[in-house]
Amino acid sequence: MNDFALWPVLAGAAAFFAVGAIWYGALFGKAWQRAAGLTDEAVRGGNMALIFALTFAFEMLIAMVLWHLIARTNPLPHVVMMMAVGFAVGVMIPAIGINYLYQRKSGMLFAIDAGHFLVGMAAMGGVFLLFV
């Protein structure tokens, strides 16, 4: 298995991105908007092309790191999922939790965003299983 493989990384990032589209759209869009304190005008007023492009770029970086770890360790399928979910639970969610504490963000916003990271990383891990 190659340390960097474009197709798994692209597919993993796309899975994470798709989870975000559903998560912040149909599932929790309005609740997230209220918790974040954003008006409809503020949401529409953002440069969505830039936001989506940077989001995908960051998700590509996450996918590259996770794929590199998987490629270097050649884990069993259940361990791939443990790594993906563990990355969310052990690194990503605590990191946003620390930031939200100091920024005085609400528990609701934290729960919505943490859930996105957890489900998004699980989706990425599931996609990676197709390539290992």
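The hydrophobic cluster containing F131 also contains V65, counting ILVMFWY residues as joined when their side-chain heavy atoms lie under 4.5 angstrom apart, directly or transitively. No continuous path of hydrophobic side-chain contacts links V91 to L66 [ILVMFWY only; heavy atoms under 4.5 Å]. Placement of M48 and Y24 within a single hydrophobic cluster is found when ILVMFWY residues are connected by side-chain heavy-atom separations under 4.5 Å, directly or transitively. Grouping the Ile, Leu, Val, Met, Phe, Trp and Tyr side chains by contacts below 4.5 angstrom, directly or via other members, places L54 apart from I96. Note on L50 and F52: separate hydrophobic clusters, where clusters join Ile, Leu, Val, Met, Phe, Trp and Tyr whose side-chain heavy atoms are under 4.5 Å apart, directly or indirectly.
Closest approach of M124 to I62, counting heavy atoms only: CE-CG2, 4.1 Å. Heavy atoms only, all atoms of each residue included: A88 and P94 are closest at O-CD, 3.9 Å. Nearest heavy atom pair, residue A84 against residue G125, reads CB-CA, 3.7 Å. The two residues V80 and P75 have their closest heavy-atom pair at CG2-CG, 3.6 Å. Nearest heavy atom pair, residue A63 against residue A13, reads CB-N, 4.1 Å. Summarising the geometry of V19 relative to H116, their closest heavy-atom pair is CG1-CD2, 4.1 Å, with the distance given to 0.1 Å.
Taking CG from D40 and NZ from K30, the interatomic distance works out to 4.0 Å, rounded to the nearest 0.5 Å. A distance of 10.0 Å separates CG in L118 from CE in M92, rounded to the nearest 0.5 Å. Atom CE of residue M60 and atom CG of residue L6 lie 6.0 Å apart, to the nearest 0.5 angstrom. Atom CD1 of residue I98 and atom CD1 of residue I93 lie 12.5 Å apart, to the nearest 0.5 angstrom. Separating the CE atom in M64 from the CG atom in L69 is a distance of 12.5 Å, to the nearest 0.5 Å. Of the inter-residue distances, the one linking W32 atom CH2 with I112 atom CD1 reads 9.0 Å to the nearest 0.5 angstrom.
Here the side chain of W23 pairs no donor or acceptor atom with the backbone of F117 at under 3.5 angstrom. Side-chain N or O atoms of R44 include none that pairs as donor or acceptor with a backbone N or O of A42 at under 3.5 Å.
Taking the side chain as every heavy atom from C-beta outward, V127 and P8 never approach each other to under 4.5 Å. With contacts defined as side-chain heavy-atom distances shorter than 4.5 Å, the pair V85/M121 does not qualify. When side chains are defined from C-beta on, E59 counts as touching T55, because their heavy atoms get closer than 4.5 Å.
Enclosure of atom CE in M108 is not indicated, since only 12 or fewer non-hydrogen atoms of other residues, nucleotides or ligands lie within 6.0 angstrom.
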